[in-house]
Amino acid sequence: MTKLSYLHEPGVLQNLATRYELNEIYTYTGNILIAINPFQRLPHLYDTHMMEQYKGAALGELSPHVFAIADVAYRAMINEGKSNSILVSGESGAGKTETTKMLMRYLAHLGGRSGVEGRTVEQQVLESNPVLEAFGNAKTVRNNNSSRFGKFVEIQFDKSGRISGAAVRTYLLERSRVCQISDPERNYHCFYLLCAAPPEERDKFKLGNPESYHYLNQSKCYKLDGVNDTEEYLATRRAMDIVGISEEEQDAIFKVVAAVLHLGNIEFAKGKEIDSSVIKDEKSRFHLNTAAELLKCDPKSLEDALIKRVMVTPEEVITRTLDPEAALGSRDALAKTLYSRLFDWIVEKINISIGQDPNSKAIIGVLDIYGFESFKHNRQALPLKLFCRHVFKMEQEDYEKEEINWSYIEFVDNQDVLDLIEKKPGGVIALLDEACSSFILLFVGSMFPKSTHETFAQKLYQTFAKHKRFIKPKLSRTNFTISHYAGEVTYLADLFLDKNKDYVVAEHLDLLTASKCSFVAGLFPALPEESSKSSKFSSIGSRFKLQLQSLMETLNSTEPHYIRCVKPNNVLKPAIFENINVIQQLRCGGVLEAIRISCAGYPTRRTFDEFLLRFGVLAPEVLDGNSDEKVACQMILDKVGLKGYQLGKTKVFLRAGQMAELDSRRAEVLGNAARTIQRQIRTYISRKEFVLLRKAAIQLQSCWRAISACKLYEELRRETAALKIQKKFRCYTARISYLTLQDSAIKVQTGMRAMTGRNEFRFRKQTKAAIKIQAHFRCHREYSYYKSLQKAIIVTQCGWRRKIARKELRSLKMAARETGALKEAKDKLEKKVEELSWRLQFEKRLRTELEETKAQEVSKLQEALHSMQIQVEEVNVRVIKEREAARKAIEEAPPVIKETPVMVQDTAKIDALTAEVESLKASLLSEKHAAEEAKKAFADAETRNIDLTKKLEEADGKVDQLQDSVHRLEEKLSNAESENQVLRQQALTMSPKAVSSRPRTTIIPRTPEKGNILNGEIKPTPDMTLAVANPKELESEEKPQKSLNEKQQENQDLLIKCISQDLGFSGGKPVAACVIYKCLLHWRSFEVERTTVFDRIIQTIASAIEVPDNNDVLAYWVCNTSTLLMLLQHTLKASGAASLTPQRRRSSSASLFGRMSQGLRASPQSGGLSFLNGRMLGRLDDLRQVEAKYPALLFKQQLTAFLEKIYGLIRDNLKKEISPLLGLCIQAPRTSRTSLMKGRSQANAVAQQALIAHWQSIVKSLDNYLKIMKANYVPAFLVQKVFTQIFSFINVQLFNSLLLRRECCSFSNGEYVKAGLAELEQWCSYATEEYVGSAWDELKHIRQAVGFLVIHQKPKKTLNEITDELCPVLSIQQLYRISTMYWDDKYGTHSVSSDVISNMRKMMTEDSNNGLSSSFLLDDDSSIPFSVDEISKSMQTVDVADVEPPPLIRENSGFVFLHQRSDS
């Protein structure tokens, strides 16, 4: 508010009222925060996101907030190492306690430390509030839950800035409220809660209704609206459990509270002796006994302590009885002492529960001093001296920094008022202590006369009669007035002595110390004799003074920060702002005094560039020159004629009212400019009307000329029509003769074409017969080749089985030599070998017979083929002869059409022919009409047919789509079921017995120990014969060879070494992915139950991306992993018996031949079958799907996870690179002074370059990443996803910053952001939709918000136009935020109308009532936006056969299959 142009009370009130209407409850006065209680919840102002925004922000950078004050205190403590304090003050009900809670929440967020049982220190402090409020809060006239004590929360920090402990210090408990209350106030809450406890609890304490107790029935208010005392009692019990107060201690606490209530009902009557008293009646006796029972002390001792006093003299000990009035005072003194000691014990227990750090390096204290009530009389207020000095110190630092003259500025010093109240020995508090001490001597047995309220007032009149701050009223004997800084305050001294007496009676201490209850005795620890004597005679005023001095010493040792809480109305309802009430609080709180201190100097301050930007129009010639900023400001101020201002080093300091004068001059200059523009506009309008009039005359002339031309045209048209009629008649006669000639020619052509068609039919029939003969011959040839191939495979299988059987026989023989127990097994095996040999011979004989039969059939087929070929040749000769005969007949045929002369013999024949012609013409016309009608009907039918055809095609298309989708779903379901079955069976282990019990016909699975063996079964058929191998070949097989397992391990090592290098790309395809896929497919690694190659590939990829900042490497592996994942998606299919269809069984058998050809090529004795290799390898390329085992499926999942991780790294790297630039792009940089001093055009060009520099940096980063991903052939689908999420991130960051910083919601800043968005749009068009996709649409929030900022005539826009047309995407909370924070720094226009603002506020209230979220900020989505199926569908199929192998494995014999694939 110190920056307002008009700094006076109406201006301050108007500013606060306007901000309060917009729910802007916080306002700065310099570094002092004013908080107005909204009396409603505003959750969006205090969420975690808002805390993050204010974290580390400078004071004044963001909107005023309580988090900003807490952040300043925390940063000052961290940077300077000095303790800080935050003073929260204000009237009762102004919101001090809630403000204190928010401060502690934010400090816990900055330096949070998990406390006991997972609770933070802030939570532990807040959990103690219900207990403190129950025993320290009470209902006052204007607040139902007013704190009647001061609370100083001391949050302790270690050297690293983390919270290490906390402590709660209490000050100034209102002890007199225990015994004295006025209507309609209430006593402390705990008394009423205990009276509303469950019946068994009340019976234990012998309590009844609150109306029956003297300390409670002094007021007629027993219950609070909307508060259930029974539930509050149980909640207080739970809160005491949380802070660590045990059940026994809780019972003892409430016994003390009940004892205080019973003490208040003890009444006294006059005794038999003079100035003596006794218990009044049995009711009082009952309460006495009950109090003694609860305190566990002797009733007689309690009675003596209340009505008797012991005086110790040097000669003797005298016991004296008190009169009834003094006994009542003694009773009240005991009750107040007991309750205050109980409250102190509870506070100490809470501090023990929270935990303190004695080694803490610094603290931040939050002071919540109890609220005062502002009445006509006896208004309480805290001293303002420290506050005024702090404000003046800030002004002084600013003036010294700018090096201006400030020595004559004065501020109000409240020291003389402080001396009047607290100075010794003649202050008001000292005189009150003296009067109270003489009053108390009566209770301890003194014979001195007793002071009264009249004597106390008269003593004040005599002592301060000449003091300028002390005023004696004319019509009162006990009142007095003190002139404070905020005005005169009248005090009533009638009850000063009663409310301020505070003494400790020795008899009371002896009684309670001797209590059998350890808790009660512990409330009164033994004190030194000196302290006990000094504390015996004291008043509440003196105690108040001592505690206040202690508090001020603590605050003076810290750096203070101030928060002034203001209560806008006394009815405690929202949206009500009472000016008188608020201005009174501002005066009493010293806020207006702080503003006056600022105004006494130079309240209005502007930096040089701000001043030139706003008031440069007053002296345009200054901006066109080359002057310095300070000199330019001096020239402008001199031209205007202002006096009394000062120029600092960076700012212009103006006196109060000078800013308004400058604004009026600026408005005058802008008005003159507006009139010049209006004059030009009027000239333009007049000329426009003249041009329109001239254009109308020209059009009239053109119309008249057009009419004349139309008449001429009609004459010419008639002549042309006559010529056309003549031409059509001549054309008709010529066409009749032509049609006659044409009909004759068509008949001749028809005959010729019929003859040619018959000849062509005979030729095609003969050709078809020849083709059938050729087809049968080729079928026989291919079938013979197939049989020879089948025979070779069977021979190979038999040889391999024989080899395996011999190995087993040798192992069994060796086992038989070692032990004789296996002899029987050996005999059985020998019998089986004999049986197998017999079966081999038998099948060989069958094979020989079958071959002889087939040879005979082949010879017969060859003879039939030879005869068919002879017949074909004869047919061909006959066809050639027929063609030649037909050609000769056509050439020799005479012409059909001959000219015959027609002779006309007589006129009768001519007339007959003419009549016949006329009849033919009539019939021709009728045929034409019929033909036209038929054409129309045909056209209609054709149209309907086309429509039906289109509908049929659409239906067929939909049916095809549905069938495709059903087929895909069935495949996905089958794959999912198979994968689940594989995963369930993976945990099961095969028993050795099951393995040994397999039939001998089972082909052993391929394992590293047994080499390339086929996985499957071949059942013997009757037409299969087994060949017995040569013994020499068996001996050669037994020679030692290199283990297949070692060879496969070497191949895997070479593959891993190869892919760990950058293999690059071949024709846009990643070489590493293609090589990995071809090797795994060739090795059949997808179908084995156990292998390590998958883990090694995954480890290689993981080691390659260990450096997350190398975007080239990341893009390279994104391309490889996505390509490999696409190939696996198309190839792998989970294995399982349920999904094995006949088609898949056929594919399995087809793969069997390929694997056998591999075995034949690798085997030394298979040289005779080498001609099969090329044909079998060609079949491997056709294998599209493989039944995958568990390791292959796990490898696919790991590869998917790595692709998502690498994608996230690239996206996050780009976010990190552009995040610092986004912070600079949300607010337009200030125009440099250099650009202002140059010419207009040059300044605009330089400024434009400076404005878009940050945006161009973002575009450069985006372009760099796009080039990297293009160079590494990253799929366009993934590139689109990266930029879509990046643009969404830009949208969230810019939009949230716009809503949180008011200086960003300006017209010029909107133009700046709009220009930057145009740069991004231009880049999107340059990058093309293939790589960017719909990324531009992600900026819809910031685009619409910026569009709203830069539109003109906002007050004329309605709410529907804004929400439906301008900003349909933005929510009401976001529109409300932008509308209230908008300011036009360029043209001075206003935001939307007040009606629109009020309608928005109503809609927000309805949303909050309906439970909708009131947050106006956006969240960033960092999830992975794609799946494996989407990648597979979006990428084109990769032909791995065209990829050349890398040089490292090109010459290795273990990778020969790579060459064969590429050659084919």
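Computed from a predicted model, the values in this text were never measured in an experiment. In what follows, residues are counted from 1 in the order of the sequence shown.
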Query raised in the report: Quick one: CD1 on Ile86 to CG on Leu367, what's the gap to the nearest 0.5 Å?
Result: 10.5 Å
Report task. Verify the distance criterion only: is there a donor paired with an acceptor across the side chains of Arg1302 and Ser63 at less than 3.5 Å? Result -> no
**Report entry** Side-chain donor or acceptor of His109 paired with backbone N/O of Lys55 under 3.5 Å
**Finding:** no
Requested in this report: Test His65 against Tyr46 for ring pair (Phe, Tyr, Trp, His ring centres under 6.0 Å), laying out the working first.
Outcome: CA-CA 10 Å; His65 203 287; Tyr46 307 105; 5.6 Å; yes
**Report entry** Partner of Lys151 under side chain to side chain donor-acceptor pair (under 3.5 Å), chosen from Thr100, Thr97, Asn129
**Finding:** Asn129
Query raised in the report: Can you find a pair of side-chain heavy atoms, one from Met1381 and one from Cys1304, that are under 4.5 Å apart?
Result: no
Report task. Go through the steps for Arg148 and Thr140 under the test side chain to side chain contact (heavy atoms under 4.5 Å, CB included), then give the verdict. Result -> CA-CA 9 Å; Arg148 308 318 300 161; Thr140 60; 3.9 Å; yes
Query raised in the report: Is the side chain of Asp71 donor-acceptor paired with the backbone N or O of Phe67 at a distance under 3.5 Å, no angle test?
Result: no
Report task. Could you grab the distance from atom CE of Met51 to atom CG of Asp47, nearest 0.5 Å is fine? Result -> 8.0 Å
Query raised in the report: Rounded to the nearest 0.5 Å, how far does OG of Ser85 lie from CG of Leu555?
Result: 5.0 Å
Query raised in the report: Taking NZ, NE, NH1 and NH2 as the nitrogens, is one of them in Lys649 or Glu402 under 4.0 Å from a carboxylate oxygen of the other?
Result: no
Query - Donor-acceptor pair, side chain of Asp158 and main chain of Lys361, under 3.5 angstrom - result: no
Requested in this report: Find out whether Leu16 and Leu586 are in side-chain contact, i.e. whether some heavy atom of one side chain is under 4.5 Å from a heavy atom of the other.
Outcome: yes
Query raised in the report: How far does CD of Glu91 sit from CG of Asn37, to the nearest 0.5 angstrom?
Result: 11.5 Å
Query - Any side-chain heavy-atom pair of Glu610 and Thr607 under 4.5 Å - result: yes
Report task. From the options Ile32, Ile34, Leu103, Leu87, select the one residue that forms a side-chain contact (heavy atoms from CB on, under 4.5 Å) with Ile563. Result -> Leu103
Query raised in the report: Do the side chain of Tyr562 and the main chain of Ser89 share a donor and acceptor less than 3.5 angstrom apart?
Result: no
**Report entry** Nearest-0.5 Å distance, CD of residue Gln1373 to CG of residue Leu1417
**Finding:** 11.0 Å
Query raised in the report: How about Ser1306 and Tyr1382: do any of their side-chain heavy atoms sit closer than 4.5 Å?
Result: no
Requested in this report: Step by step, work out the side chain to side chain contact (heavy atoms under 4.5 Å, CB included) result for Leu107 and Ile364.
Outcome: CA-CA 9 Å; Leu107 292 175; Ile364 294 181; 3.8 Å; yes
**Report entry** Side chain Gln585, main chain Lys567, donor-acceptor under 3.5 Å
**Finding:** yes
Query raised in the report: Applying the side chain to side chain donor-acceptor pair (under 3.5 Å) test to His189, which of Asn137, Asn145, Asn144 qualifies?
Result: Asn145
Requested in this report: Can you establish whether the number of heavy atoms outside Glu348 located under 6.0 Å from its atom CD is more than 12?
Outcome: no
Report task. Using a 4.5 Å cut-off on heavy atoms from C-beta on, say whether the side chain of Leu110 contacts that of Ile163. Result -> no
Requested in this report: Could you tell me the separation between the CZ atom of Phe611 and the CG atom of Leu647, rounded to the nearest 0.5 Å?
Outcome: 8.5 Å
**Report entry** Residue pair Phe152 / Thr554: nearest heavy atoms and the distance that separates them
**Finding:** CE2-CG2, 3.9 Å
Query - Considering all heavy atoms, the nearest Arg177-Ala138 contact - result: CD-CB, 3.7 Å
Requested in this report: Write down the atom of Gln40, the atom of Asn23, and the distance for their closest heavy-atom approach.
Outcome: NE2-OD1, 3.4 Å
Report task. Check for a donor-acceptor pair, side chain of Ser360 on one end and backbone N or O of Gln156 on the other, with a separation under 3.5 Å. Result -> no
Query raised in the report: Between Arg1401 and Glu21, is a side chain to side chain contact (heavy atoms under 4.5 Å, CB included) present by the stated rule, with each step listed?
Result: CA-CA 10 Å; Arg1401 193 180 302 113; Glu21 183 181 359; 3.8 Å; yes
Query raised in the report: What pair of heavy atoms forms the shortest contact from Ala35 to Tyr26, and how long is it?
Result: CB-CE2, 3.5 Å
Query - Heavy-atom side-chain contact between Phe149 and Leu132 under 4.5 Å - result: yes
Query raised in the report: Of all heavy-atom pairs between Val88 and Cys565, which one has the smallest distance, and what is that distance?
Result: CG1-SG, 3.7 Å
Query - Donor-acceptor pair, side chain of Tyr106 and main chain of Tyr54, under 3.5 angstrom - result: yes
Query - Electrostatic pair Glu80:Lys82 at N-O distance under 4.0 angstrom - result: no
Report task. Determine whether Gln53 and His49 make a side-chain contact, defined as any pair of heavy atoms from C-beta on separated by less than 4.5 Å. Result -> yes
Query raised in the report: Closest approach of His44 and Met50, non-hydrogen atoms and distance?
Result: O-CE, 3.4 Å
Query - Heavy-atom donor-acceptor pair, Asp357 side chain to Gly165 backbone, under 3.5 Å - result: no
Query raised in the report: Without hydrogens or angle criteria, can the side chains of Asn359 and Lys159 be said to hold a donor-acceptor pair below 3.5 Å?
Result: no
Query - Option among Val582, Thr18, Val566 that satisfies the side-chain contact (heavy atoms from CB on, under 4.5 Å) test with Phe577 - result: Val582
Query raised in the report: Are the aromatic rings of Phe157 and Tyr74 close, with centres under 6.0 Å apart?
Result: yes
Report task. Would you please test Thr27 and Leu33 for side chain to side chain contact (heavy atoms under 4.5 Å, CB included) and show each step? Result -> CA-CA 6 Å; Thr27 308; Leu33 181 69; over 6 Å; no
Query raised in the report: With side chains defined as the heavy atoms from C-beta onward, is the minimum distance between Glu578 and Ile576 less than 4.5 Å?
Result: yes
Query - Donor-acceptor contact below 3.5 Å, side chain Ser146 vs main chain Asn143 - result: no
